[in-house]
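Below: one structure, written as structure tokens.
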Amino acid sequence: MLELQNNGNFGYLFHYCYTITLAVVTGFVLIFCRHNRLMNKLKEKLREQIVLKKSQSPETDFYQNYERLQLLMDATNDGMWDWDIKNNTLFWSDKLFTLLGLSPGSCHPNLELFYQLLHEEDRVKVTQAIQQHLLFNQPYKCEMQLKKADGSYGWFLGQGKAVKDVNGHAIRMVGSMVDISDRKQIEEKLQQSEQKFRSIFDNVSVGMALVNAEGYIILANEADCHFLGYTQEELLGMHFTEFTHPEDLAIDVELYKSLLAGERSSYVIDKRYIRKDQAVVWGRLTVSLIRDQDGSLLYTVIVCEDITVRKQAEEALRQSEARLAAAQRVARIGNWELDVVTKKIVGSEELFRIFGFSDDRKEYDYQEFFQISFPDDRERLIQAISKGINQGKSFKIDFKAVRKDNVIIYNQAKGEAVFNSQGRIVKLFGTVQDITERKQLEELLQSQLQKEEALNRVIQIIRNSLDLSTIFSSAVIDIGELLEVEQVAIFQYLPENEVWLAVAEYRQNSNINSLMKQKIPDRENPIASQLKKLKIVQLNDASLSQDEINHSLAQTFPGAWLLIPLHFNSATWGCLSLLKPQQYSWQESEIEIAREIAEQLAMAIYQSELYHQVQVANEELKRLATIDGLTQIANRRRFDEYLNLEWLRLRREKAPLCLILFDIDYFKLYNDTYGHLAGDDCLRQVAIAISEIFRRPGDLFCRYGGEEFAVVLPYTHLSGATYLAELIRQAIHNLQIPHSQSLVSNHLTISLGVACIIPNAQFSPQNLINVADQALYTAKQQGRDRVVFSEINYASFCAP
């Protein structure tokens with residue numbers, strides 16, 4: 001069946017033994033011979049054996065055995081073969097002919113024919129398998145491809161066993177051939193499916209894992225490992241509860257149990273995870289069950305998308321909205337929108353609170369707001385709104401109204417029109433501020449003109465600034481002059497240190513001891529206790545204080561004390577302290593003015609803190625909007641914005657502007673070779689290395705897109721830009737990042753294009769970008785890993 005020697009005959013390898021017993025010869029011949037020639041020989045041998053042994057068995061038994069053999073071979077799907085090693089002859093059963101698409105008996109099978117049918121990729125394998133069987137008695141069982149009559153190849157499983165003589169020499173080999181093409185196709189499809197699954201599983205950017213019914217991880221991809229901070233070896237065998245945040249564990253376990261119980265096919269939740277480094281991250285978890293055909297649970301598929309950044313943004317937005325709502329409450333300002341078609345007003349919670357409307361309703365007909373306004377103010381309000389709707393005129397109007405609870409309030413309304421793309425007015429947008437307190441205060445102080453002006457000046461200073469040091473320093477001076485006191489101080493309460501610390505001070509007489517050096521204890525201080533309860537403390541003679549702390553202070557600061565708590569949202573921030581150096585009875589008007597100023601100071605403190613928080617949040621949002629998330633350098637948006645600004649500025653100054661565009665050579669091959677995670681890390685290394693080159697604050701280095709970067713160089717000539725470009729190229733060389741698939745070098749390289757121009761009215765920033773891009777293209781054409789520069793030819797752009 002196989003050719004082990006050049007003459008194609010195995011017979012000389014074995015000693016043929018003619019003394020084989022009748023039972024062995026007869027058995028194998030009955031099983032594997034079909035041709036009449038072999039049957040005749042069998043009959044002759046049987047007759048000889050019958051004569052020699054004087055057997056009395058009738059000839060009919062022989063034919064009965066042969067018929068049984070025929071029935072056996074016809075009934076099975078296996079093709080039978082018999083190889084006479086000594087004579088090098090080969091016999092095939094009819095079924096084997098049929099499996100190969102041949103008519104039974106249509107050819108005389110031999111080793112040469114078998115080798116012609118055997119696929120060349122399998123010849124060595126089959127030969128070695130038969131050798132191992134004949135020489136070392138290893139079982140012969142080999143899969144191979146055989147060519148069929150129609151030219152196609154089918155897969156077959158060949159099995160056989162050698163028959164040996166009494167000396168142990170193989171004299172023949174018999175066996176079967178089974179068509180396994182269908183099984184092979186199934187195996188190939190399964191393998192392809194497995195490869196596709198592994199490719200998706202390993203390369204998908206979201207975390208994926210397979211979990212058994214008990215909740216233990218049996219497989220996790222790289223993204224999941226990166227998300228949780230564990231290696232694959234560490235994750236395998238871990239239970240999902242080990243890295244689930246305790247506050248999210250109960251709902252996750254409950255859903256997982258309902259999933260296993262068949263109550264649901266999958267579930268999706270947002271939950272927190274605890275990474276290996278104990279950092280808390282957010283993930284959107286999708287869990288599904290995979291079952292086999294009979295419905296039995298195979299495993300659970302876990303998909304986890306990292307939504308930490310989104311959750312942080314949502315929390316920042318929530319806090320920002322909360323701060324805005326708080327600011328509106330403090331300032332007593334509500335905002336509103338009026339749809340000019342539906343005449344419905346939608347407003348903030350503070351707007352409805354100002355007018356005493358129900359929180360349940362989210363919109364009102366604007367006529368309802370007219371109805372609560374005073375008749376004298378209603379017509380002015382209607383006219384202002386009408387002009388806004390019909391003519392798009394903005395307005396600012398004060399009006400008086402009666403709240404739903406019959407309380408009279410003073411308000412200031414502002415509004416302006418909102419236009420659509422066709423220039424039509426679609427909305428009015430504005431604010432309403434509750435100015436009741438201010439109006440009442442103005443009415444109350446009209447009879448006290450002198451104090452009114454001073455008080456308004458103090459309040460104005462407080463309201464017009466968000467800088468606490470400015471507010472405090474001005475306020476203490478104006479309060480001291482307004483109330484004619486010797487000393488004014490603003491104290492801040494520091495609960496973590498349990499002290500009250502002076503942060504601002506006014507002294508009419510420099511001989512008075514300064515409070516700025518004093519740290520007044522909070523513990524066991526009854527006056528401090530009253531202030532924290534938001535009570536005003538009035539002492540006509542401080543020396544009468546019974547407690548040790550304040551009695552001791554009274555020795556240094558004798559006289560009458562007036563202490564007003566500074567607070568917002570029922571929390572104590574500090575106090576306003578007034579001192580007269582003699583016994584004095586504080587008047588109600590003085591206390592009221594001091595209280596009013598304290599309220600304004602408290603409001604200013606709160607607004608300043610809110611403004612600072614908003615500033616920090618806005619600065620962070622602005623930074624994030626112009627920073628590339630991967631490399632942490634400027635992004636394309638910042639590039640476009642900065643290039644346009646510098647273009648206009650340098651156009652006015654007639655100064656040069658250079659642009660460097662460069663990208664990483666063969667970066668796609670880098671990603672294909674090392675993976676996208678390595679590619680991202682490569683981009684970060686490049687960004688860090690090049691960022692260290694630039695020292696001028698006016699130079700902008702940014703990520704232009706993908707693996708492409710850009711450098712904007714104001715006030716730079718072409719020679720200087722070319723020099724910087726060469727420094728950039730050398731910096732990447734110095735990184736020595738391996739790039740085995742690069743056609744330029746074994747390490748990472750870049751190609752750079754440099755362009756320079758003096759901006760003028762004939763050109764635009766896009767012309768500069770185009771020239772730099774063309775220079776970059778030329779660098780690539782010339783072999784990459786180089787700098788190509790170009791100065792814009794004005795004549796070429798202006799030519800007809």
Side-chain angles (χ1 to χ4, degrees), residues 205 282 306-321 323-324 610-653 655-664 667 676 679-716 721 724-725 727-728 731-732 750 752-757 759 764-773 776:
S205 59
W282 276 93
D306 187 352
I307 59 171
T308 304
V309 175
R310 192 195 78 192
K311 283 291 187 179
Q312 290 173 345
E314 289 175 354
E315 178 62 20
L317 177 61
R318 187 192 66 78
Q319 293 179 0
S320 178
E321 291 175 344
R323 288 193 294 268
L324 177 60
L610 287 178
Y611 178 73
H612 176 71
Q613 293 174 9
V614 171
Q615 275 190 317
V616 171
N618 288 340
E619 287 298 322
E620 179 64 14
L621 290 175
K622 183 178 179 181
R623 188 189 71 82
L624 292 175
T626 57
I627 293 297
D628 177 57
L630 176 64
T631 61
Q632 295 301 301
I633 62 175
N635 59 14
R636 176 64 179 272
R637 176 181 177 181
R638 177 57 179 157
F639 168 82
D640 293 336
E641 176 186 89
Y642 190 73
L643 182 61
N644 288 328
L645 290 174
E646 289 301 302
W647 180 275
L648 295 174
R649 185 164 65 87
L650 297 179
R651 174 180 165 182
R652 293 192 301 269
E653 299 179 14
L657 175 63
C658 285
L659 175 64
I660 302 174
L661 289 181
F662 66 92
D663 64 12
I664 300 173
F667 189 68
H676 289 281
D680 290 347
D681 185 62
C682 172
L683 292 174
R684 283 190 288 267
Q685 292 185 61
V686 168
I688 293 172
I690 297 176
S691 296
E692 296 176 352
I693 295 176
F694 301 101
R695 293 293 181 266
R696 298 192 311 177
D699 297 339
L700 177 69
F701 172 45
C702 63
R703 187 180 179 189
Y704 192 70
E707 72 274 18
E708 194 168 6
F709 296 84
V711 182
V712 181
L713 301 169
Y715 301 104
T716 305
L724 284 174
L727 287 181
I728 293 172
I732 301 307
I750 60 174
L752 304 95
V754 184
C756 189
I757 189 175
S764 69
Q766 188 60 46
N767 295 126
L768 181 62
I769 295 173
N770 293 341
V771 172
D773 190 60
L776 174 59

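We find that E314 and R310 are joined by a salt bridge, their nearest charged nitrogen and carboxylate oxygen being less than 4.0 Å apart.
Under the 4.5 Å side-chain criterion, counting only non-hydrogen atoms from C-beta, V711 is not in contact with L661. With a 4.5 Å cut-off on side-chain heavy atoms, D306 and W282 do not count as touching. You'll find the side chain of D773 reaches within 4.5 Å of the side chain of E708, heavy atoms only. Taking the side chain as every heavy atom from C-beta outward, I660 and F701 never approach each other to under 4.5 Å. Taking the side chain as every heavy atom from C-beta outward, L713 and L700 never approach each other to under 4.5 Å. Between T716 and L657 there is no side-chain heavy-atom pair separated by less than 4.5 Å. Residues I728 and I693 meet the side-chain proximity criterion, which asks for heavy atoms closer than 4.5 Å.
For the salt bridge (charged side-chain N to carboxylate O under 4.0 Å, His left out) condition, the pairs that include at least one residue of residues 686-706, sequence neighbours left out, are D628-R703, R696-D699.
To the nearest 0.5 Å, atoms OH (Y704) and CD1 (I633) are separated by 14.0 Å. Remark: L752 CG to L727 CG distance equals 10.5 Å, nearest 0.5 Å. Annotation: the span from E641 atom CD to E646 atom CD amounts to 11.0 Å, rounded to 0.5 Å. The distance from atom SG of C658 to atom CG of L768, rounded to the nearest 0.5 Å, is 8.0 Å. Between the CG atom of L630 and the CG atom of N635 there is a distance of 12.0 Å, given to the nearest 0.5 Å.
Of all non-hydrogen atoms in D640 and N644, the two that sit nearest each other are O-ND2, 3.0 Å. Contact record, G679 with F667: O-CZ, 3.6 Å, taken as the closest heavy-atom pair. In terms of heavy-atom proximity, C756 sits nearest to P656 at SG-CB, 4.4 Å. The minimum heavy-atom distance between A634 and R638, with the atom names listed, is CB-CG, 3.7 Å.
Residue-environment remark: CZ (R637) stays at or below the threshold of 12 foreign heavy atoms within 6.0 Å.
Taking the six-membered ring where the residue is Trp, the centroids of F662 and F709 are separated by under 6.0 Å.
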Donor-acceptor pairs under 3.5 Å, side chain of residues 680-691 to any protein atom, not counting sequence neighbours: which ones?
from: D681; atom 1: OD2; to: Q685; atom 2: NE2; distance (Å): 2.9
from: S691; atom 1: OG; to: A687; atom 2: O; distance (Å): 2.6

